[in-house]
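Notes for the one structure printed next.
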Amino acid sequence: MLLVEDGDRSQRATEDGPTEYRRLASGLNGMLDAMAEKDHEIEDRQRREIELEKGLRKSKKLAELGVLAAGVAHEIGAPLTVINGQAQRLARREVIGDDERSRLGRIRGEVERIVEIVRQLMELGRQHNVEKGELALDQLIMSASDLVEEELEPRNICLDIELPSPTPNLFANGQQIVQVLSNLLRNAAQAPEVSRIRVRAQQQENELILWVEDDGPGIPSVHHHKVFDPFFTTKPVGQGSGLGLSMVHRIINDHGGTIGVFDSTLGGAGFEITLPLSETVSA
Ligand SMILES: Nc1ncnc2c1ncn2[C@@H]1O[C@H](COP(=O)(O)OP(=O)(O)OP(=O)(O)O)[C@@H](O)[C@H]1O
Ligand SMILES: [Mg+2]
């Protein structure tokens with residue numbers, strides 16, 4: 001009993017002797033089990049709060065970085081248009097051979113890749129005074145899954161959607177929330193050996209919580225604090241620029257919400273988004 005009083009919730013009473021003693025011991029053990037479980041819940045909640053707090057500090061850093069990057073991107077945009085235009089003009093000349101034409105095609109392809117990165121950077125740095133409206137969460141999830149259908153179908157990935165009934169409505173910018181969801185779904189679909197993605201939502205006190213999880217390899221804990229950084233990617237050059245989750249973070253922050261990463265019970269990566277209820281409305 002003294003050890004339990006000192007906070008050691010692992011101690012249990014021996015359940016033997018007369019019936020009354022056994023009942024008492026079993027009741028006591030039940031109480032200790034419940035207390036241990038509550039301790040875990042509190043620890044979990046605290047851990048999440050620490051991660052989310054870090055997330056908030058990160059969004060400020062990200063916003064500043066986004067503005068800087070957008071300035072640089074703007075300057076890069078004009079010379080890129082010139083390079084692309086000149087390569088296109090050269091490719092149209094009849095005097096050049098197939099080899100030269102294919103090399104010019106390669107130049108244009110790479111320029112287009114940079115243009116896309118520049119576009120994303122400019123988007124990241126833009127001041128987002130977004131227009132919001134009342135939108136049905138299930139519709140937003142369907143729009144996002146339509147966008148990634150081409151990546152899910154060929155790999156036979158099953159998308160489970162578990163929403164509370166009635167489905168909550170969001171007061172949000174639809175296009176941006178669809179962008180958030182499609183980025184998370186696309187990341188899950190691009191992770192190796194994923195066969196299942198689960199999207200869940202729950203209304204809890206004054207917030208709406210959304211989880212997107214998969215059964216892939218997950219994200220190593222050493223990378224948890226880096227995944228929202230611009231340009232953090234583990235994908236090969238040309239396949240990922242590492243801007244997807246930065247944008248997701250930015251949008252959720254603009255909506256007054258938070259986003260965190262966790263190890264899903266499905267075995268892969270899990271993302272938790274919370275949106276304050278002042279920004280959302282019940283159905
Ligand atoms: N569901 C997931 N499973 C495993 N790793 C993930 C998952 N989601 C994100 N990651 C990791 O986080 C990194 C950053 O993701 P992010 O979406 O920002 O960039 P990206 O997917 O690499 O490139 P981009 O989205 O710009 O095309 C990924 O490269 C990957 O290492
Ligand atoms: Mg991505």
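Counting starts at 1 for both ligands and their atoms, following the listed order.
The atoms of ligand 1 that sit less than 4.0 Å from any heavy atom of G218 are 4 (C). Counting the atoms of ligand 1 from 1 in the order shown, those under 4.0 Å from a heavy atom of G240 are 23 (O), 27 (O). Per-residue contacts place L243 under 4.0 angstrom from the following atoms of ligand 1 (heavy atoms of the residue considered): 26 (O). Against a heavy-atom cut-off of under 4.0 Å, T233 is close to the following atoms of ligand 1: 20 (P), 22 (O), 29 (O).
Of the protein's non-hydrogen atoms, the one nearest atom 16 (P) of ligand 1 is L245 N, 3.6 Å. Protein heavy atom closest to atom 12 (O) of ligand 1, with residue, atom name and distance, is V227 CG1, 3.5 Å. In this structure, the protein non-hydrogen atom closest to atom 2 (C) of ligand 1 is A269 CB, 3.7 Å. For atom 14 (C) of ligand 1, the nearest non-hydrogen atom of the protein is F232 O, 3.2 Å. Closest protein heavy atom to atom 21 (O) of ligand 1: K235 NZ, 2.6 Å. Closest protein heavy atom to atom 17 (O) of ligand 1: N187 ND2, 2.8 Å. Taking atom 19 (O) of ligand 1 as the reference point, the nearest protein heavy-atom neighbour is G242 CA, 3.2 Å. Ranking protein heavy atoms by distance to atom 29 (O) of ligand 1, first place goes to T234 N, 2.9 Å.
Backbone or side-chain N, O or S atoms of N187 reach the Mg ion (ligand 2) at under 2.8 Å.
L140 and M142 fall within a single hydrophobic cluster, where Ile, Leu, Val, Met, Phe, Trp and Tyr are joined by side-chain heavy atoms under 4.5 Å apart, directly or via other members.
For the residue pair S264 and D214, no side-chain donor N or O sits within less than 3.5 Å of a side-chain acceptor on the partner.
Heavy-atom distances between P217 and ligand 1 stay at or above 4.0 Å for every pair. In this structure, A188 counts as a contact residue of ligand 1, since one of its heavy atoms falls inside 4.0 Å of the ligand. Residue I219 places a heavy atom less than 4.0 Å from ligand 1.
In the candidate list G268, G244, A191, G244 is nearest to atom 25 (O) of ligand 1, counting heavy atoms.
Within a 6.0 Å sphere centred on CD of Q175, heavy atoms belonging to other residues, nucleotides or ligands number 12 at most. In this structure, R113 places its CZ atom where more than 12 heavy-atom neighbours from other residues, nucleotides or ligands lie under 6.0 Å away. By the neighbour-count criterion of 12 heavy atoms within 6.0 Å, atom NE2 of H223 is densely surrounded, having more than that number from other residues, nucleotides or ligands.
Neither the backbone nor the side chain of V194 has a heavy atom within less than 4.0 Å of ligand 1. Residue-level proximity to ligand 1 for S241 is carried by backbone and side chain together, each with a heavy atom below 4.0 angstrom.
Between T258 and L275 the shortest side-chain heavy-atom distance does not fall below 4.5 Å. With a 4.5 Å cut-off on side-chain heavy atoms, L266 and R198 count as touching.
The main-chain N or O of G97 is found under 3.5 Å from a side-chain atom of E100 such that the two form a donor-acceptor pair. A donor-acceptor distance shorter than 3.5 angstrom exists from the side chain of R101 to the backbone of R93, with no hydrogens or angles considered. For the pair N173 (side chain) and E131 (backbone), a donor-acceptor distance under 3.5 Å is present.
Expressed to the nearest 0.5 Å, how far CD of Q203 lies from OG1 of T167 amounts to 10.5 Å.
F171 has its ring centre no less than 6.0 Å from the ring centre of H255.
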